[in-house]
*Asks:* 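Got a structure here, written out as C-alpha cells. Questions coming.
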Amino acid sequence: HSPEPRDLLDEVRPGEQLGLGAVFLSERFDTKDAAALAGAAAAVSETIGIGTAATNPHTRHPLVTATMATTLHRLSAGRYAFGLGRGFDALFDLMGLPRVTSAGLEDATDILRALWNGEAVAGHDGPAGAFPYLRRISEGSDRIPILMVALGDRTLDLAGRIADGVVLHTFFTDAAVARAVKIVRDAAAAAGRDPAAVRVWSVLATVEDSIPEHRQQRMLVGRLATYLQGYGDVLVRANGWDPDVLRRFR
C-alpha cells in the first residue's frame with residue numbers, strides 16, 4: 001500500500017540485480033495506474049518479467065486495454081504479461097460499474113486475444129459488452145500471456161481453462177494453495193490443455209525483521225484485515241477458517 005508510485009523504481013532495479021524472475025504490479029484507483037507502473041518498470045529494467053496482477057476488464061474500453069498491453073509488450077521486448085481479476089464488488093457498486101463475472105472475464109479474454117492476433121471483432125454482443133467493430137491498425141500479432149488473479153473456486157476453474165498463468169491470493173494456507181493448484185490443473189486437463197503449461201504463483205506476505213514491531217503489525221495483521229473486509233467470505237471459505245471469527249471481526 002505504498003502511497004508513492006516512485007517506490008516501484010527502487011524495487012524493480014535491485015530485484016533484477018538479484019535475479020528475481022518477475023515483478024507483479026497491483027493497481028489502485030487512487031494512486032497506481034497499471035499501465036503507467038508497467039511502463040516505468042520496463043524503462044528501468046532489461047530482463048525481469050513484468051506482470052499486471054491485476055486490473056479488471058471494464059474500467060477501460062477493450063480496444064484501449066488491448067492497446068495498453070500491446071504497447072507494454074513491445075516496449076518491454078516481450079517481457080510483459082497482462083493480468084485480470086474480478087476486483088472488489090462493493091467498490092464497483094459505489095463507482096456505478098457492473099460487477100465482474102466469470103462470463104465477463106472469459107468474454108473479455110476472447111476479445112483481447114482476437115485483437116492481439118490482428119483479427120477484427122465485429123458485431124460482438126456478449127457478457128463483456130456490445131461492440132459493433134473493433135480492430136487495431138498495427139500490423140502483425142502479439143503473443144501476450146494472460147494472467148488471472150484467482151481466489152474462489154469458480155475463478156480458479158476459469159483460470160485453468162483459459163489463462164496462461166494464475167496468481168493466487170495472499171494469505172492462503174498451505175492446504176488452500178495445494179487445493180487451488182489442483183483445481184487449476186484439473187480444469188486445464190478437462191479443457192484439453194497441458195496442466196503443467198499453466199504457471200501458478202502463490203503470494204506470500206512477508207515483512208523483514210528490522211521494521212519496528214508496530215509497523216510489522218500494521219503490515220501483516222492490518223493487511224489481512226483489509227482483505228477480510230473486501231474478500232472475507234471467500235478467503236475464510238478457501239482456508240476452512242471459522243466464519244464466526246469473521247463475523248466477530250466485522
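The figures here come from the full heavy-atom set of this structure, side chains too, leaving out hydrogens, waters and symmetry mates.
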*Asks:* State, with a plain yes or no, whether a side-chain heavy atom of Leu134 is found less than 4.5 Å away from one of His61.
*Replies:*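 The answer is yes, as the side chains (C-beta and beyond) meet within the 4.5 Å cut-off.
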*Asks:* I'd like to know if Asp7 and Lys32 make a salt bridge, using a cut-off of under 4.0 Å between side-chain N and carboxylate O.
*Replies:*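 Here Asp7 does not pair with Lys32 in a salt bridge, since their nearest N and O are not under 4.0 Å apart.
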*Asks:* For the atom pair CG (Leu84) and CG (Leu147), what is the distance rounded to the nearest 0.5 Å?
*Replies:*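 Spacing of CG (Leu84) from CG (Leu147) equals 9.0 Å.
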*Asks:* Do any N or O atoms from the side chain of Glu27 and from the backbone of Ala53 form a donor-acceptor pair under 3.5 angstrom?
*Replies:*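 Absent.
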*Asks:* Would you call Asp233 and Arg247 a salt bridge, taking side-chain N to carboxylate O under 4.0 Å as the test?
*Replies:*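 Salt bridge absent between Asp233 and Arg247.
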*Asks:* Restricting to side-chain hydrogen bond (donor to acceptor under 3.5 Å, both in side chains), what partner residues turn up for Ser138, sequence neighbours left out?
*Replies:*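 side-chain hydrogen bond (donor to acceptor under 3.5 Å, both in side chains) check on Ser138 returns Arg74.
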*Asks:* Holding to side-chain contact (heavy atoms from CB on, under 4.5 Å), I want the full list of residues that pass it with Asp10, two or more places apart in sequence or in another chain.
*Replies:*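 By the side-chain contact (heavy atoms from CB on, under 4.5 Å) rule, Asp10 matches Arg13.
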*Asks:* Consider only side-chain heavy atoms of I, L, V, M, F, W and Y, link residues closer than 4.5 Å, and tell whether Tyr231 and Trp201 are in one cluster.
*Replies:*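 Looking at the clustering, Trp201 is in a separate group from Tyr231.
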*Asks:* Should Arg28 and Glu4 count as an ion pair when the cut-off is N to O under 4.0 Å?
*Replies:*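 Answer for the salt bridge query: no.
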*Asks:* For Ala150 and Val166, work out which heavy atoms get closest and say how close.
*Replies:*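 Closest approach of Ala150 to Val166: CB-CG1, 4.1 Å.
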*Asks:* Please determine whether a side-chain nitrogen of the Lys or Arg among Asp164 and Arg113 lies less than 4.0 Å from a carboxylate oxygen of the Asp or Glu.
*Replies:*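 Looking at Asp164 and Arg113, the cut-off is met.
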*Asks:* If you measure from the Lys or Arg side-chain nitrogens to the Asp or Glu carboxylate oxygens, is any gap between Arg179 and Asp153 under 4.0 Å?
*Replies:*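 So Arg179 pairs with Asp153 through a salt bridge.
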*Asks:* Scan the side chains in residues 118-125 for donor-acceptor partners under 3.5 Å anywhere in the protein, sequence neighbours excluded, and list what turns up.
*Replies:*
from: His124; atom 1: NE2; to: Asp107; atom 2: OD1; distance (Å): 3.1
from: His124; atom 1: NE2; to: Asp107; atom 2: OD2; distance (Å): 2.9

*Asks:* Measure the CG-CG distance between Leu91 and Leu97 for me, rounded to the nearest 0.5 Å.
*Replies:*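 Those atoms lie 8.5 Å apart.
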*Asks:* Minimum heavy-atom separation for His58 and Pro98, please, with both atom names.
*Replies:*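 Between these two residues, the closest heavy atoms are NE2-O, 2.7 Å.
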*Asks:* I'd like to know if Arg185 and Asp194 make a salt bridge, using a cut-off of under 4.0 Å between side-chain N and carboxylate O.
*Replies:*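 Salt bridge flag = no for Asp194 with Arg185.
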*Asks:* How long is the straight-line distance from CZ of Phe82 back to CD1 of Ile146, given to the nearest 0.5 Å?
*Replies:*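 CZ of Phe82 is found 7.0 Å from CD1 of Ile146.
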*Asks:* Does the Arg237 side chain pair with the main chain of Gly232, one donor and one acceptor, at a distance under 3.5 Å?
*Replies:*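 Checking the backbone N and O of Gly232 against the side chain of Arg237, no donor-acceptor pair under 3.5 Å is found.
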*Asks:* Is Arg60 salt-bridged to Asp33, cutoff N-O under 4.0 Å?
*Replies:*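 Yes, charged N to carboxylate O under 4.0 Å.
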*Asks:* Find the distance between CE (Met68) and OH (Tyr80) and round it off to the nearest 0.5 Å.
*Replies:*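 Reported to 0.5 Å precision, the distance equals 4.0 Å.
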*Asks:* Nearest 0.5 Å, please: how far is OG1 in Thr47 from CD in Gln17?
*Replies:*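 Between Gln17 CD and Thr47 OG1, I get 10.0 Å after rounding to 0.5 Å.
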*Asks:* Apply side-chain contact (heavy atoms from CB on, under 4.5 Å) to residues Phe172 and Val203 and explain how you reach the verdict.
*Replies:* CA-CA 8 Å; Phe172 266 13; Val203 180; over 6 Å; no
*Asks:* Could you tell me which non-hydrogen atom of Ile162 sits nearest to which non-hydrogen atom of Arg193, and how far apart they are?
*Replies:*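 Scanning both residues completely, I find the closest heavy atoms to be N-NH1, 3.5 Å.
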*Asks:* How far apart are the closest heavy atoms of Ala128 and Ile111, and which atoms are they?
*Replies:*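 So the minimum-distance heavy-atom pair works out to CB-CD1, 4.1 Å.
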*Asks:* Rounded to the nearest 0.5 Å, what separation is found between the CG atom of Asp110 and the CG atom of Leu105?
*Replies:*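 Asp110 CG to Leu105 CG: 11.0 Å, rounded to 0.5 Å.
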*Asks:* Under 3.5 Å, side chain of Asn239 to main-chain N/O of Trp241, donor-acceptor pair present?
*Replies:*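 Not at all, since once roles are kept as given, no pair shorter than 3.5 Å links the two residues.
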*Asks:* Does atom CG of Asp244 have more than 12 heavy-atom neighbours from other groups under 6.0 Å away?
*Replies:*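 Counting other residues, nucleotides and ligands, CG of Asp244 exceeds 12 neighbours.
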*Asks:* Flag yes if more than 12 heavy atoms outside Arg6 fall under 6.0 Å of its CZ atom; otherwise flag no.
*Replies:*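 Open.
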*Asks:* Do Thr67 and Arg136 have side-chain heavy atoms sitting under 4.5 Å apart?
*Replies:*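 Thr67 does not reach Arg136 side chain to side chain.
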*Asks:* Is a side-chain donor or acceptor of Trp116 paired with a backbone partner of Arg143 at a separation under 3.5 angstrom?
*Replies:*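 No.
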*Asks:* Is the shortest side-chain N to carboxylate O distance from Arg79 to Glu46 below 4.0 Å?
*Replies:*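 Result for this pair is no, no salt bridge flagged.
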*Asks:* Taking CD in Glu139 as the centre, count heavy atoms belonging to other residues, nucleotides or ligands within less than 6.0 Å. Is the count above 12?
*Replies:*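 No, CD of Glu139 has 12 or fewer neighbouring heavy atoms, counting only those of other groups under 6.0 Å.
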